[in-house]
Amino acid sequence: MGQRKKFHTGKNTSLINKPKVPEKTRALFLSKNEQRVKIADLYSQEYKSVDNSVKSLILKIPDGILSTYFSHSKRNPMKKSTPLYILFSLLITLGLLLSSCSTDEEFYDEAYATEEAATEEVFTDATEAPAAESAPGEIVYDLGFTPQENGFNFSNYGDDIPATNLTAGEMRRMFGDQVCSRLDGDDCTLTPPAEQWMEEINGSMAGGHCEGMAVLSLMMYTNQVSPSEFGGSVASDLDINDEALQREIAYWWATQTVAPTYTSVIKGTPMEILEVVQQMDASGETYSIGIYKEDGSGGHAITPFGVEDKGNGLYAILVYDNNYPGETRELFVDSRDNTWLYEASINPQVESELYTGNADTQTLDLTPTSARLGTQECPFCDGGGVSLKGGGVLAAPDQKLNQVFLDGEGHILITDNDGRRLGYVDGKIVNEIPGATYTAYRMEASGNAPEPIYWIPEGLDITVEIDGSALTEETLTDLIMIGPGFSIGVEGIYLEPGQVDTAYFYPADQTIAYETAADESPYIVIGIENPDAEADYYFEVQGADIQGGGIITVYLDTKAGDLLINAEKLNNEGTFDFYLTRITDELEEEFAAEGIVLNQGAVVYVNYAEWTDANPEGMYFGVDLDDDGVIDDEYVVDDSQ
C-alpha cells in the first residue's frame, strides 16, 4: 500500500475552511486542460441553460484566448457590461467555431502541445499520452495499479460484439443450487423465475459492461481472480473474444443488482469519497467508483488507484476508465466547495460530457469489493428474496422486495394504491413509496442506459404506466416483475411515440392485468417455483390479439391448478397461443396450442396441473362465457408440437 495523506471531512477542518481564492485567479495555477474545465464550470454557474454540448466546445478554447481571459481576470475581474467582457465573449465564440471545425488531430496538436513534456515525464511506460492529464501534482496515495498493465486492452462493450453473458453456471455460482429446478451433475436447469431474471440482467448489459470490467481488473490486480485462468499474467494480456472472460465480466457486472453488494454501496460527499479511496489496500479492501449525472442517469463505473494533490485545495483521484484502455484519467475533487468533476465519454470516438456534483447531489459512490465475494442473496428464489438491511434510508430490516424491470425504450411510473409514486416524473426519478428504492445501472458503453431496477415491498399492489411520450420511433418493450418464487409480466409491447399503456400487478395473487388503447399482441408471461410440489412451471399467453384496445387479465390459481385468462374488458374478440413448460427433478416437458379463441367478456380456464407429456388426451380448457364463475363450455386441446 502506498503513502497516504490524511484528509478531514468535518465542517471545521482547516482543509475545507482555507481562505477562498477567486475562481479565475485560482485557475492560473491549473493546466490548460483544467482551465478549460474550470471555465466551462464558471459559465454553467453564470448561465444555467448552458448544456453539455456547449461545455464540450468550451473545452476546445485555444490557449491564447485562455491566457487573455485568466490573466486579465486576476487583475480586474470582468463584468458583463465591460467592453473587454464583450470582446472576450466574441473571442470565445470565434474560438469555439474554429475549434468545432477542426479535426480531432488538429485539436490535439493545438491544445495539448504545452502538456507534452510533463506527460512524457510522468507516464514513461505509456504507449500513448493520456487524454485526461493535467499539470502534475504531489502523489499522496498510490495503490500500485496502472491502467496500461492492469487494465484491459479493449474498450467497454455492449451488444456491439457477440458476447456471452450470464449462463446457468454463473447463476449457480452467484446464488447456489437453489436456482436449479433440476440438477444433473453440473447440468443445471434453471427455475422459471431464475431464467427470467437472467434474461432481464443479460438484456441490460446491452448498454455496457463497465461495472464488470472495473471490478474484475481490480480483483486481478489484488490476486482475488487469477488472469492465468483466462490465458494471461495480467489483465492487459487478455482477449475479449474469450467466452470464459466474457462470462466472468458479466458475473461481476451482475453483482451490482443484488445484495449484499447493492446494500453495501457507500454514498457520501466528494471529500468523504476521497477519504475512503485513500484507505484502499491491495491486501485488504478496495472499491470501484460509481459516477452519475445529477438526474441519476448515465451511471458509469471506474477503478480508482491513486490521488494527486494539485495544490490550492484541488485533488485528482486517478482512475482507470475502461472506455479509455491504457489511459490514466482524473476525477477532480475541489475541497473548498466540496464539489467534483469528471470529463467522460461512452468511448473515445463520441463527444465527451462533464459529470459534476457536490455534497448534496450524492452522485458519487463506492462499492466495496468484499461485498461481491461469496454467495449473493437470491431475489427470485422461493423463501428467499432481497431485504435492504442496514441502509437506514431504505426498507425496514425484514422487508422483502420485488424487482420491476423495463427492458426496452420508454420510461415507467409506478403508483401504489395510495397514489404514491416511484419512477420518472418530468424527466426525473421520484420516490414517494415507503420501503421502495431503485438501482441505476453502471454501464455506459452505448450511451443508452436502460431503465433502473425498481425495488417494491413484497406484496404491494402497484399500477405501472409504460410511457412512450419521449420516443421518436416505435420500440419493442417488456415489463417484468420478479419476486421470491415467481416472475410475471408483459413482453412484446410495440410502444409508439406518445403511447401510454398500463399494467396492474397483484403479486400476492400472482395476477397481472394489461391495458392498452392500441391494437396489441403482447405475451403475458408467468413463471413459478414450487419447491414443495412436483413441478415448476413457466407459462406464456402468446400474442393475445387485443384489437381496439381493452384490458386482459391473467391469474394463476396454484391451489386449483388453473391458469385464468379474463377477457371481460376487451373491446373485441381475439385469439391467443398458449405455451407451457413443466420442469420436474427428472425431466422437462413442453405443451403448445395455437389459435385459441378469446371471446369478449369470457374467462378461459386452463387446467395445467393435471397435464403431463404422458397424457395422450391433451390439456383441458374451460370457458366461462359471462364471468359468473360457472364453466359454460369445456374442451380438450391437443399438443401442437
Side-chain angles (χ1 to χ4, degrees), residues 1-10 13 15-16 34 122 130 132-134 136-147 150-151 210-211 213-222 224 252 255-256 261 264-292 299-311 313-324 327-344 355-359 361-372 442:
M1 177 176 173
Q3 295 296 314
R4 184 171 68 87
K5 181 176 178 180
K6 184 73 173 177
F7 293 91
H8 300 282
T9 57
T13 63
L15 180 62
I16 295 178
E34 292 173 304
V122 178
E133 86 283 0
S134 66
E138 177 191 358
I139 298 291
V140 294
Y141 168 76
D142 184 11
L143 183 67
F145 180 107
T146 64
N150 306 116
C210 68
E211 175 84 356
M213 294 176 68
V215 174
L216 182 57
S217 59
L218 187 57
M219 295 183 72
M220 286 182 171
Y221 174 71
T222 58
Q224 291 170 293
W252 297 110
T255 57
Q256 69 176 302
T261 301
S264 299
V265 170
I266 300 169
K267 290 188 176 290
T269 68
M271 287 301 293
E272 289 168 344
I273 296 296
L274 179 68
E275 171 67 23
V276 177
V277 165
Q278 293 177 98
Q279 297 171 11
M280 290 198 305
D281 189 330
S283 60
E285 187 64 273
T286 56
Y287 303 89
S288 59
I289 293 181
I291 63 173
Y292 312 87
H300 185 42
I302 51 182
T303 307
F305 60 84
V307 175
E308 277 191 12
D309 183 348
K310 299 290 189 179
L314 184 68
Y315 302 92
I317 300 177
L318 308 181
V319 301
Y320 158 54
D321 184 335
N322 46 68
N323 285 337
Y324 298 86
E327 297 182 5
T328 294
R329 310 281 292 177
E330 294 178 329
L331 187 155
F332 294 101
V333 176
D334 192 327
S335 66
R336 295 182 310 108
D337 51 9
N338 214 352
T339 58
W340 69 275
L341 179 148
Y342 184 67
E343 182 189 354
Y355 283 68
T356 61
N358 54 44
T361 60
Q362 299 285 290
T363 46
L364 273 182
D365 64 34
L366 296 170
T367 304
T369 304
S370 61
R372 304 178 192 267
R442 298 181 289 272

#### Entry: Closest non-hydrogen atom pair, A359 against T269
CB-CG2, 3.7 Å
### Query
Can you name the closest pair of heavy atoms from G151 and Y320 and give their distance?
CA-CZ, 3.6 Å
#### Entry: With sequence neighbours excluded, residues passing ring-ring contact (aromatic ring centres under 6.0 Å, His included) with Y287
none
### Task
Name all residues meeting the side-chain hydrogen bond (donor to acceptor under 3.5 Å, both in side chains) criterion together with E285; count only those two or more places apart in sequence or in a different chain, and write none if there are none.
S370
### Query
Is there a donor-acceptor pair under 3.5 Å between the side chain of Y342 and the backbone N or O of R329?
no
### Query
Side chains of L218 and L143: does their closest heavy-atom pair fall under 4.5 Å?
yes
### Message
I'd like to know if the side chain of T261 reaches the main chain of Q256, judged simply by a donor and an acceptor atom lying under 3.5 Å from each other, with no hydrogens or angles considered.
### Response
no
### Point-to-point distance, once rounded to the nearest 0.5 Å, from CH2 of W252 to CG of L216
8.0 Å
### Query
Is there a donor-acceptor contact under 3.5 Å from the side chain of T303 to the main chain of A214?
yes
### Task
Might you point out which heavy atoms bring A344 and D321 nearest each other, and give the distance in Å?
CB-OD2, 4.4 Å
#### Entry: Non-hydrogen side-chain atoms of L318 and D142 separated by less than 4.5 Å
no
### Query
Are I266 and E272 close enough that some pair of their side-chain heavy atoms sits under 4.5 Å apart?
no
### Query
Which distance, rounded to the nearest 0.5 Å, do you find between the CE of M219 and the CZ of R372?
8.5 Å
### Query
Got a second to check how far K310's NZ is from E138's CD, nearest 0.5 Å?
11.5 Å
### Task
Take F305 and N150 through the test side chain to side chain contact (heavy atoms under 4.5 Å, CB included) and record every step on the way to the result.
CA-CA 11 Å; F305 60 84; N150 306 116; over 6 Å; no
### Query
Considering residues at least two apart in sequence or located in another chain, which fulfil the side-chain hydrogen bond (donor to acceptor under 3.5 Å, both in side chains) criterion with T286?
T369
### Query
Does some side-chain heavy atom of I289 sit less than 4.5 Å from a side-chain heavy atom of V277?
yes
### Verdict with reasoning, L331 to W340, per side chain to side chain contact (heavy atoms under 4.5 Å, CB included)
CA-CA 7 Å; L331 187 155; W340 69 275; 4.1 Å; yes
### Message
Between I317 and V333, is there a side-chain heavy-atom distance shorter than 4.5 Å?
### Response
yes
### Message
Working note: I273 + L366, criterion side chain to side chain contact (heavy atoms under 4.5 Å, CB included); need CA distance, chi angles, decisive distance, verdict.
### Response
CA-CA 7 Å; I273 296 296; L366 296 170; 3.9 Å; yes
### Summary
When rounded to the nearest 0.5 Å, the distance separating CD1 of I302 from CE of M213 is 13.5 Å
### Task
Check whether any side-chain heavy atom of P147 lies under 4.5 Å from a side-chain heavy atom of E327, and answer yes or no.
no
### Task
Give, for atom CD1 of I291 and atom OG1 of T356, the distance between the pair rounded to the nearest 0.5 Å.
10.5 Å
### Query
Are the side chain of Q278 and the backbone N or O of Y141 linked by a donor-acceptor pair below 3.5 Å?
no
### Query
For Y315 and L274, what are the C-alpha separation, side-chain angles and deciding distance, and is it a side chain to side chain contact (heavy atoms under 4.5 Å, CB included)?
CA-CA 9 Å; Y315 302 92; L274 179 68; 4.1 Å; yes
### Summary
Shortest non-hydrogen pair, S217 vs F145, comes out as O-CE1, 3.7 Å
### Message
Within this structure, what is the NZ-OG1 distance for the pair K267 and T367, rounded to the nearest 0.5 Å?
### Response
8.5 Å
### Minimal non-hydrogen separation, G299 against Y292, with atom names
CA-CD2, 3.6 Å
### Query
Taking all atoms of both residues into account, what is the closest heavy-atom pair of P304 and V319, and its distance?
CA-CG1, 4.0 Å
#### Entry: Main-chain N/O of C210 paired to N322 side chain as donor or acceptor, under 3.5 Å
yes
